[in-house]
Amino acid sequence: MKYKILICDDDDGIVEMLSLLLNLSGFEVISQLHSINIFDDITNHNPQLIILDLWMPGLSGDEISRRLKANKDTNQIPILISSASRDGEKIAYKANANRFISKPFDVSNLIDTVNSLLQPMNNAS
Amino acid sequence: MNEFNQTLSNLSMDNFKLLLSALEASRSGIIVTDNQLPDNPIIFANHAFELISGYKHQEIIGRNCRFLQGNDREQEARFILAKAVKDGEDCIVELRNYKKNGALIWNELYMSPVKNEAGVVTHFIGVQNDITRRKKAESDLYEERELKERNGHKRTNSLKENEEYLKAIIETIRESLIVLDNEFHVISANAHFYRTFALSPEDVIGQSIYQVRKGAWDIAELRQLLEEVLPENNPFEGFEMSHDFPVVGKKHFVLNARRIEVDGDFKDRILLALEDVTEYKENEIRKDDFLSIASHELRTPLTTVKGYNQLISRMLPANSAPVLVETLRKSNVYIDKLNSLISDLLDVSRIQAGRVELNQTLFELDDMVKECVENIQTGISSHVFNIKGSTNTKISGDRERLEQVLVNLIENAAKYSPASKSVDVYLSVVGDYIKVSVSDYGVGIKLDDHKKIFERFYRAKETQKDFAGIGIGLYVCESIIKEHDGTLWVDSDPGKGSTFSFTLPLQKNIT
């Protein structure tokens, strides 16, 4: 079974590039440009990992992370936050995200991080 | 025998302490320079020297005394001094020095060499006194004599005219002026003051400044200035204050305050001048917000470009032409370079907002310098980078940030000396500081630019044509060094080259 990864970022350039990268690495990708819709996507698709941008119109990445981690139905899903802001790391961990990667990121570094976040599930299955 | 030695060394230690406190208690500024280190740096300065010069201890140690003369380099006293230093003789001169705030001070300087047993000059001792008042009295006397000769009997008539004339000046200037008596009651204020604060003379004259508009002017900072700062420092310039006023809203000010010291009717009156810098401050904040947002927005497409670029590298077949692989690798290098330029921009807005966070660790300075120089040498083949001297000490600081400073200074040195072959990095200990100097033998920097090059976005005119850059490197470097309680400065002559030096405090309590 392919792992499903949900990407939420308001920049379509990044979404497109990330989708290609993750597809090529063997993942199924669902993408969302409008952060407002993310909770519907989670209910509809049941992703195993969520990659969030921080600064997005509507709902910010840290807000989404905080809500997901506070909800017992979703708090098991690992969250990776990626941002070009230098305060990003602090904000991400404050919002209970599992990992943070600064933009621009190194492609191999991103794939390694994704794999390590999915590792516990690999072991479980 | 051992016991005797112990007693002796204790005694000399006590003596040393005694001498040191005598130096500190002196009202004359006293400095010691080390003639055996390059550029004869100051290694000791007493407290009185800080008061006279207006510089802090950390800003003095490690520098050559010439920094006190600023641009005023052609004064005769300097040549007398230079000759005495060269010949190892003592001398007394009257020097025009400049305080940190730019104010002129006249110093009487007595300089005397210290020689070792072999007769070699190892140190110089400088003792200076502030003779500004004496000089002023001399020139006032001269002016008064002149005036008397010109005016003679006309004097009484012109007194009233004079008063009208002065009043016209005060009413015309675009700055708020208030006069207080010694108990802080308002005696008068100018039109600009009333306009700025939407007040009228009835609201303020005769009242205590703290009671104006039901206490709207009872501001902690103002009390501090009037009751604590001014009695000790008269006149006081550049006191910053912000406050939310009724009607006119939040204002940011820079104040000058002066208490009249001349005996007579006006003695102990206080003059307050308020410059409204609210708009300037707001613009600064706007500019910093802009920089933060711009850096963030620039990084977003850069992320996509970098991602695609690395994806192509991964998709390349194993037997691809080496030139193709190399081309891709190079484009990756320049993407990273662009990213670090954007980081610099962000650093600038960070520093402006006073939000540089240091990640302090303890490390060997000499090792760090050696590592940096080796790394740079592998990237730049046009120059040879030499390390001279050593500090043999650990310092406490943010290693990554300090590396950033050193790399910046060394790369600048190579960049601005395209025709020469070598760049020298000199390490030394000066007093209770370490000093790192980076010297090039290139284009050099005009004296007028020595201060400005540390400002944000400043680029020397000549440089603009021939060298690429956006003018933030040195600004960032200076802020990092300041954040470490050190000082960064430049000594340079156009056509001969530049030496950028910084000092950092020696770590105490390390064995």
Side-chain angles (χ1 to χ4, degrees), chain A residues 5 7-27 29 31-35 51-57 60-62 80-94 99-115, chain B residues 288-317 325 328-329 331-359 398 400-401 404 472 476 479-480:
Chain A
I5 299 176
I7 307 169
C8 185
D9 194 313
D10 64 318
D11 185 276
D12 47 8
I14 289 189
V15 168
E16 213 178 313
M17 184 270 291
L18 258 181
S19 304
L20 177 62
L21 168 66
L22 293 170
N23 278 330
L24 287 172
S25 307
F27 299 103
V29 177
S31 59
Q32 181 54 263
L33 289 165
H34 307 286
S35 57
I51 301 179
L52 295 173
D53 180 28
L54 264 187
W55 311 128
M56 296 183 283
S60 65
D62 51 323
L80 168 62
I81 289 183
S82 180
S83 167
S85 155
R86 271 226 192 153
D87 297 320
E89 184 155 6
K90 247 187 225 162
I91 295 167
Y93 289 125
K94 240 180 142 179
R99 289 291 289 274
F100 173 84
I101 282 194
S102 60
K103 285 177 184 166
F105 45 75
D106 196 77
V107 161
S108 342
N109 189 11
L110 183 98
I111 294 295
D112 289 348
T113 309
V114 165
N115 280 326
Chain B
D288 294 333
D289 285 351
F290 168 77
L291 278 176
S292 290
I293 295 167
S295 319
H296 182 271
E297 292 306 297
L298 287 169
R299 275 207 173 124
T300 303
L302 193 66
T303 305
T304 309
V305 173
K306 181 167 170 156
Y308 279 127
N309 206 56
Q310 292 187 334
L311 269 173
I312 299 171
S313 303
R314 291 173 146 227
M315 288 182 215
L316 280 185
V325 178
L328 266 170
R329 192 194 63 82
S331 80
N332 244 326
V333 168
Y334 284 94
I335 287 169
D336 287 341
K337 185 153 187 172
L338 183 55
N339 187 35
S340 77
L341 273 174
I342 296 169
S343 298
D344 283 352
L345 264 179
L346 249 183
D347 276 349
V348 168
S349 65
R350 248 327 111 90
I351 289 162
Q352 201 59 24
R355 289 190 293 150
V356 198
E357 282 171 25
L358 294 183
N359 183 15
D398 188 325
E400 207 177 309
R401 287 292 193 181
Q404 184 185 348
I472 51 179
V476 172
S479 307
I480 293 171

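Throughout, a chain's letter reflects where its sequence line sits, starting with A, and its residues are numbered from 1. When reading the values below, keep in mind they use all heavy atoms of this one structure, side chains included, and skip hydrogens, waters and symmetry mates.
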Quiz item: Can you list the steps and then say if A:K103 with A:D9 is a salt bridge (charged side-chain N to carboxylate O under 4.0 Å, His left out)?
Solution: CA-CA 12 Å; A:K103 285 177 184 166; A:D9 194 313; 2.8 Å; yes
Quiz item: What option among A:L21, A:V15, A:L24, A:D53 has the most heavy-atom pairs under 4.5 Å with chain B?
Solution: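 Among the listed options, the one with the most contacts to chain B is A:L21.
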Practice problem: With a 4.5 angstrom heavy-atom cut-off, could you sort out which part of A:S82 is near chain B: side chain, backbone, both or neither? | Solution: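 A:S82 has no heavy atom closer than 4.5 Å to chain B.
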Quiz item: Contact part of A:L110 toward chain B, heavy-atom cut-off under 4.5 Å: side chain, backbone, both or neither?
Solution: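 No part of A:L110 comes within 4.5 Å of chain B.
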Quiz item: Which residues pass the salt bridge (Lys or Arg N to Asp or Glu O under 4.0 Å) test with A:K90, sequence neighbours left out?
Solution: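 Here the qualifying residues are B:E357.
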Quiz item: Between B:S331 and B:N309, is any side-chain donor less than 3.5 angstrom from a side-chain acceptor?
Solution: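 Side-chain D/A pair, B:S331 to B:N309: present.
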Quiz item: Between A:S83 and B:R299, does any side-chain donor sit less than 3.5 Å from a side-chain acceptor?
Solution: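 On atom types as modelled, these side chains do not qualify, holding no pair under 3.5 Å.
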Quiz prompt | Per-residue contact mode, B:S343 against chain A (heavy atom under 4.5 angstrom) | solution =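 Both backbone and side chain.
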